[in-house]
Amino acid sequence: MHDIRALRENPELYEKAWAAKGRSGAAAEAVALDARVRAIKTASEQAQAKRNEFSKLIGQAKARKDEAAAQALMAEVEALKANVAAETEAEAAAIGALQDLLASLPNLPAPDVPVGADEHDNVEVRRWGEPNAIASPKDHVDLGEGLGLLDFEAASRMSGARFTVLKGQLARLERALGQFMLDMQTQEHGYLEVSPPLLVNDAAAYGTDKLPKFAEDLFQTTDGRWLIPTAEVPLTSLVMGQIVPEEELPMRVTALTPCFRSEAGASGRDTRGMIRQHQFYKVELVSIVAPEDSEAEHERMVGCAEAILKALNLPFRTMLLCTGDMGFGARKTYDLEVWLPSQGKYREISSCSNCGDFQARRMDARTKKAGEKGTRFVHTLNGSGLAVGRTLVAVMENYQDEQGRIAIPQALHPYLPGLTHIGGEG
RNA sequence: GGAGAGGUGGCUGAGUGGUCGAAAGCACCGCACUCGAAAUGCGGCGUACCUUUACCGGUACCGUGGGUUCGAAUCCCACCCUCUCCGCCA
């Protein structure tokens, strides 16, 4: 959601950003709607004030038992009635139209976000690790099926495409990865572990900008709730409608949850393997901070995500997304891309976004300094730390050997005692 | 799922359809008293929006959304949430 006052004062800034996303003219439309809202509002309030005045007089007449005067006033106010109804109705309609428009418009990119059309214009910020020279690397599908521990056919029989069955040590490795990530984020990076609901209502989905625009990307339950596409939704919604004392900020929370995505717009993309699934585990990081702290927090959060890849010794690069590749609610986004030997390229494994006050406005999440008057909207940030399914893929492919076995990364040994390899005698 | 009770400001808690945005108390802020503090006294003390340079003024908000009415915290309807008991259940 946007600050209509900021928009009113600086429409060119918004127009520039929205035109680049194919919403040319939206800023002017919003400003015009806003002017209409305020004009109607003033008229509507004046009509109500007049009616209230009469009603008060009627009350006073009744109080002194002057029935005749009361009846006369009631006759007089009768004429105002229709007017008030029409005005308030027009007011609600105008406000609704403005709200709908504003809710459909994406966040503005931060000034230091590179301008670009799509992922080709993203900027590599840094690179870590050297891709292993693996002779004719297998992909994770061949590796997993070769080990008899990955079964896409069974999954498709019971659930359809984009699901997987993991078995044995591979299932155990997935679990170990989730535990490892969660432990690192809580014990080393100071995030508070949360076990949130996986089903949320409209308000939570709207506040985290999944609704109304992206309903088709979500699964909905028969009673109208939504399966979370990411723990960002429930974690950020912890502050929905709240006024958080400023001394409690920054608030850092994390959760390991399944994520459910319909992948409605992705048919045909990444159909092989478990890169793009309807269901996957992810450790999510969410920070709620004071406005002036969000940029520094963003850098910190990216570091918390990178730390997992470093600990697992997986080569990756950090990308700063350009304006055209950023998500709807983000003001600035870093993606982490991990090296996948089978594809010979880097693939997204984490996305860390600073949403500024965009989500906070939608969900009315504010902060207040003790002893000071007034509140400010908080800034919200979210990032994957990391996507467990894709990390499993990366571990399988980067730790494979010539026999199709998979070595266990050093950092996971405490989670898989006695296990050095998956496959073979391991 | 069944039966019942209830949702009012930061908190507690009043509120016969008519100066109720809402008593009172607590908390908080200012002033007085005091060397200082406590106690006491006096005053202030919600949020959002509209109008305005500002002051003033206006509108809305008593769980949410509708309705009745000249007028709704108060009456009616639906929904949400909390609590108690019963049933069921991992």
Side-chain angles (χ1 to χ4, degrees), chain A residues 1-9 30-103 195-207 211-212 220-226 234 237-249 258 357 360-378:
Chain A
M1 186 55 64
H2 299 278
D3 182 358
I4 187 63
R5 277 185 224 165
L7 200 161
R8 203 185 290 156
E9 281 161 26
V31 168
L33 262 175
D34 171 53
R36 209 176 92 206
V37 164
R38 285 184 296 149
I40 293 175
K41 190 169 197 145
T42 303
S44 163
E45 288 184 357
Q46 281 169 356
Q48 288 177 76
K50 208 163 164 190
R51 183 214 48 201
N52 289 350
E53 205 178 312
F54 272 99
S55 295
K56 222 167 235 182
L57 291 176
I58 293 169
Q60 287 167 4
K62 291 242 181 189
R64 61 172 188 269
K65 307 274 189 222
D66 189 347
E67 229 10 76
Q71 288 299 330
L73 285 163
M74 279 163 73
E76 213 169 330
V77 82
E78 183 64 29
L80 293 174
K81 206 182 161 188
N83 190 26
V84 169
E87 294 282 8
T88 52
E89 200 172 311
E91 181 187 353
I95 290 173
L98 180 59
Q99 292 281 333
D100 288 350
L101 176 65
L102 289 179
S195 176
L198 307 181
L199 269 49
V200 297
N201 59 23
D202 285 352
Y206 176 85
L211 292 181
Q220 189 164 30
T221 62
T222 52
D223 67 352
R225 290 176 231 270
W226 305 90
S237 296
L238 287 170
V239 294
M240 174 165 63
Q242 302 294 303
I243 297 174
V244 184
E246 202 158 310
E247 57 269 25
E248 288 177 23
L249 302 179
D357 64 6
R361 286 179 182 280
R362 285 177 161 250
M363 64 173 66
D364 191 25
R366 291 172 290 163
T367 184
K368 187 175 187 303
K369 217 173 236 166
E372 276 187 21
K373 224 173 147 60
T375 57
R376 299 186 295 165
F377 288 109
V378 297

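Labels below follow one simple rule: chain letters A, B, ... track the order of the sequence lines, proteins then strands, and each chain is numbered from 1. Hydrogens, waters and symmetry mates are skipped; everything else that's a heavy atom, side chains included, is used.
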**Student:** Output the rounded distance in Å from CG (A:Asp223) to P (B:C79).
**Tutor:** 15 Å
**Student:** Counting primed atoms plus P, OP1 and OP2 as sugar-phosphate and everything else as base, spell out the protein contacts along nucleotides 65-75 of chain B at 4.0 Å heavy-atom distance: B, S or - for each nucleotide, 5' to 3'.
**Tutor:** -----BS----
**Student:** Touch check for A:Glu76, heavy atoms < 4.0 angstrom, all strands: base, sugar-phosphate only, or nothing?
**Tutor:** nothing
**Student:** Could you give the CG-to-P distance, from A:Asn201 to B:U64, as a whole number of Å?
**Tutor:** 16 Å
**Student:** How far, in whole Å, is B:C88 from B:G1 if one measures between their P atoms?
**Tutor:** 15 Å
**Student:** Please enumerate all residues that pass side-chain contact (heavy atoms from CB on, under 4.5 Å) together with A:Glu53, with sequence neighbours excluded.
**Tutor:** none
**Student:** What integer number of Å spans the C1' atoms of B:U68 and B:U19?
**Tutor:** 23 Å
**Student:** Taking B:G44 as the reference, what is the distance to B:G25 when you measure between their P atoms (whole Å, please)?
**Tutor:** 13 Å
**Student:** Taking atom C1' in both B:C28 and B:C45, what distance in whole Å separates the two?
**Tutor:** 8 Å
**Student:** What pairs with A:Ser195 under side chain to side chain donor-acceptor pair (under 3.5 Å), at least two apart in sequence or on another chain?
**Tutor:** none
**Student:** Considering just the side-chain nitrogens and oxygens of A:Gln48, establish if one lies under 4.0 Å of OP1 or OP2 belonging to B:G58.
**Tutor:** no
**Student:** Just to verify, what does A:Asp202 make a side chain to side chain donor-acceptor pair (under 3.5 Å) with, not counting sequence neighbours?
**Tutor:** A:Trp226
**Student:** Distance-only criterion, 3.5 Å: show the donor-acceptor pairs between side-chain atoms of residues 82-102 of chain A and protein atoms not counting sequence neighbours.
**Tutor:**
{"residue": "A:Thr88", "atom": "OG1", "partner": "A:Val84", "partner atom": "O", "Å": "3.0"}
{"residue": "A:Thr88", "atom": "OG1", "partner": "A:Ala85", "partner atom": "O", "Å": "3.1"}
{"residue": "A:Glu91", "atom": "OE1", "partner": "A:Ser44", "partner atom": "OG", "Å": "2.7"}

**Student:** Using a 4.0 Å cut-off on protein heavy atoms (strictly under), produce a 5'-to-3' string for nucleotides 48-56 of chain B with B for base contact, S for backbone-only sugar-phosphate contact, and - for none.
**Tutor:** SSSS-----
**Student:** What's the shortest heavy-atom distance between A:Ser237 and A:Ala204, and which atoms?
**Tutor:** OG-CB, 3.4 Å
**Student:** Round to the nearest Å and state the distance from A:Gln242 atom CD to B:U47 atom P.
**Tutor:** 17 Å
**Student:** Are there runs of at least three consecutive Watson-Crick or G-U pairs touching RNA chain B, with each pair's two distances under 3.5 angstrom? Give them by first number.
**Tutor:** B:1-7 with B:80-86, B:10-12 with B:24-26, B:28-32 with B:40-44, B:46-50 with B:57-61, B:63-67 with B:75-79
**Student:** Apply side-chain contact (heavy atoms from CB on, under 4.5 Å) to A:Arg361 and list each qualifying residue two or more places apart in sequence or on a separate chain.
**Tutor:** A:Met1, A:Asp3, A:Asp357, A:Phe377
**Student:** Sequence neighbours left out, what passes side chain to side chain donor-acceptor pair (under 3.5 Å) with A:Arg51? Give chain and number order.
**Tutor:** none
**Student:** Using whole Å, report how far CG of A:Leu80 lies from P of B:U59.
**Tutor:** 13 Å
**Student:** For A:Lys50 and A:Arg225, find the nucleotide of RNA chain B closest to each by heavy atoms; which residue's nucleotide sits nearer the 5' end?
**Tutor:** A:Lys50
**Student:** Can you check the distance between B:A60 and B:U12, where both ends of the measurement are the P atom (answer in whole Å)?
**Tutor:** 27 Å
**Student:** Can you pull the salt bridge (Lys or Arg N to Asp or Glu O under 4.0 Å) pairs that have at least one residue in residues 37-49 of chain A, sequence neighbours excluded?
**Tutor:** A:Asp34-A:Arg38
**Student:** P atom, B:C62 versus B:G30: distance in rounded Å?
**Tutor:** 32 Å
**Student:** If we take the C1' atom in both B:U47 and B:C42, what is their distance in whole Å?
**Tutor:** 27 Å
**Student:** Taking side-chain contact (heavy atoms from CB on, under 4.5 Å) as the test, write out the residues that go with A:Asn52, two or more places apart.
**Tutor:** none
**Student:** Using atom C1' of each nucleotide, how far apart are B:C77 and B:A24 to the nearest Å?
**Tutor:** 34 Å
**Student:** For A:Glu9, enumerate each residue passing the side-chain contact (heavy atoms from CB on, under 4.5 Å) test, keeping only those at least two apart in sequence or located in another chain.
**Tutor:** none
**Student:** If you compare all heavy atoms of A:Ala61 against all heavy atoms of A:Ala69, which two are closest, and at what distance to 0.1 Å?
**Tutor:** CB-CB, 4.3 Å
**Student:** Rounded to the nearest 0.5 Å, how far apart are CD of A:Glu248 and OG1 of A:Thr367?
**Tutor:** 8.5 Å
